[in-house]
Amino acid sequence: MIILKIGGSALTIKDADKPTIDEVNLDRIAQEVSAYNEDMVIVHGAGSYGHIYAKKFGIGDVIGNVNDHLYKLEGLCRTQASVQLLNYIVVEKLHEKGVPAIGIKPSSFIVTDNKRIAVCDTKIIKQYIDNGFVPVLYGDAVLDYNDYIKFAIISGDQLITYLAKELKADRVILSSDVDGIYTDNPKINPEAKLIDIVTKDTKLTLTENEDQADVTGGMGGKIKELLQLAEEGIESQIINAETPGNIKLAVSGQEVKGTIIK
Ligand code: IPE
């Protein structure tokens, strides 16, 4: 079974000032996904459908007074509705390409405690997979047991780590808008080199939040999640969703340029 994460930056225009689909990429990626030949779960990011609201309303920040609580209630409603809409658009596109995709809303069955998944029953996901469907989940805004924050954002990256362990995935593929992990930020340093394999001992110069539009930690956040997965014995690979053909190669079990985390 494969878990494929499609980064929000590949499906949407991530730094747009309102939720905006990247139509060309979405169409191509959905077409490539249809080449899958084993059980698969897709988790997509939120891109401009989520990060704009999550940031504006400060979802996951400590709640101040009553007015702030009310503001954050509105924020949870708006963020959930927006990412659910993106999920609907992604699922529809997958149907168009012949993929039996089923959208599943993470916030309807997941609660976090201090921003980490505490409640999440994966039986229904398993049941859909066993019946030949491709469940499609996404980064979402959820309830949190911590009374100081009450709400939290779960990134698609946290979800894939959790689902990979629970559903005993064979492979995790994480596609975003970079070729993999570099020795330095390739957008700033032209000398930066792609690293083929990353382990917990690899020295990286990444900062936690190099991507300003990202409330869930950018590449630093991804690596942290994937290293945890590696500790459980599940290997993952970061590939570039924007390079045509990459997702097709990955979901059909062929070799792709990228970084393996093990
Ligand atoms: C973020 O999910 C979810 C929300 C902001 C609601 P991700 O962190 O997985 O999204 P991308 O891939 O960075 O856009």
Side-chain angles (χ1 to χ4, degrees), residues 3-22 25-26 29 41-61 72-90 103-108 110-112 115-117 120 136-144 149-164 172-178 180-181 187 206 208-226 228-229 236 238-242 247:
I3 298 187
L4 170 69
K5 157 104 198 255
I6 308 172
S9 51
L11 298 174
T12 73
I13 313 291
K14 198 161 171 176
D15 51 12
D17 56 4
K18 60 180 197 318
T20 313
I21 292 283
D22 186 327
N25 262 356
L26 173 61
I29 289 170
V41 173
I42 296 176
V43 175
H44 63 77
S48 48
Y49 279 71
H51 291 284
I52 291 172
Y53 293 112
K55 204 169 194 167
K56 177 178 174 209
F57 290 95
I59 305 290
D61 294 349
K72 286 196 166 55
L73 284 185
E74 182 190 342
L76 197 82
C77 295
R78 286 191 189 272
T79 314
Q80 278 196 12
S82 181
V83 287
Q84 192 171 11
L85 175 60
L86 173 62
N87 180 250
Y88 180 80
I89 295 168
V90 172
I104 300 180
K105 180 176 177 158
S107 50
S108 65
I110 292 176
V111 182
T112 52
K115 308 186 183 181
R116 302 298 299 176
I117 296 173
C120 174
V136 184
L137 294 88
Y138 49 97
D140 204 352
V142 301
L143 290 172
D144 193 290
I149 58 174
K150 292 192 193 314
F151 317 120
I153 298 296
I154 41 164
S155 66
D157 301 334
Q158 189 185 156
L159 258 178
I160 55 170
T161 322
Y162 191 92
L163 295 178
V172 171
I173 304 155
L174 204 127
S175 67
S176 73
D177 61 349
V178 288
I181 300 168
K187 288 172 185 162
L206 280 167
E208 262 288 291
N209 235 331
E210 86 277 13
D211 181 352
Q212 288 311 308
D214 196 317
V215 296
T216 50
M219 188 55 88
K222 286 189 210 321
I223 296 168
K224 227 158 113 183
E225 297 288 350
L226 297 176
Q228 277 182 29
L229 204 55
S236 53
I238 296 183
I239 62 167
N240 197 337
E242 293 187 356
I247 289 188

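Counting convention: from 1, in listed order, for ligands and their atoms alike. Residues take their numbers from the sequence shown, with the count starting at 1. Because only heavy atoms are used, hydrogens play no part in the values below, and waters and symmetry mates are left out as well, while side chains stay in.
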Exercise for the section: Please state whether H44 comes within less than 4.0 angstrom of ligand 1, counting heavy atoms only. Expected result: no
Exercise for the section: Tell me, please: is Q158 in heavy-atom contact with ligand 1, that is, under 4.0 Å? Expected result: no
Ligand 1 atoms in contact with [X] (distance to a heavy atom under 4.0 Å):
X	value
G50	5 (C)
G7	12 (O)
K14	11 (P), 13 (O), 14 (O)
G139	2 (O), 3 (C)
I153	3 (C), 4 (C), 5 (C), 6 (C)
G156	2 (O), 7 (P), 9 (O)

For [X] and ligand 1, does the shortest N/O to N/O distance drop below 3.5 Å?
X	value
G8	yes
A46	yes
K5	yes
I6	no
S9	no

Donor-acceptor check, side chain of [X] to backbone of [Y], threshold 3.5 angstrom: yes or no?
X	Y	answer
S175	K5	yes
T12	G8	yes
S9	S176	no
E242	D177	no
K105	Q84	no
S107	D140	no

What's the shortest heavy-atom distance between [X] and [Y], and which atoms?
X	Y	answer
T161	L229	O-CD1, 3.5 Å
I59	F151	CG2-CB, 4.0 Å
L159	G139	CD1-N, 4.5 Å

Practice task
Examine the proximity of ligand 1 to T79 and report which part, side chain or backbone, both or neither, has a heavy atom under 4.0 Å away.
Solution key: side chain
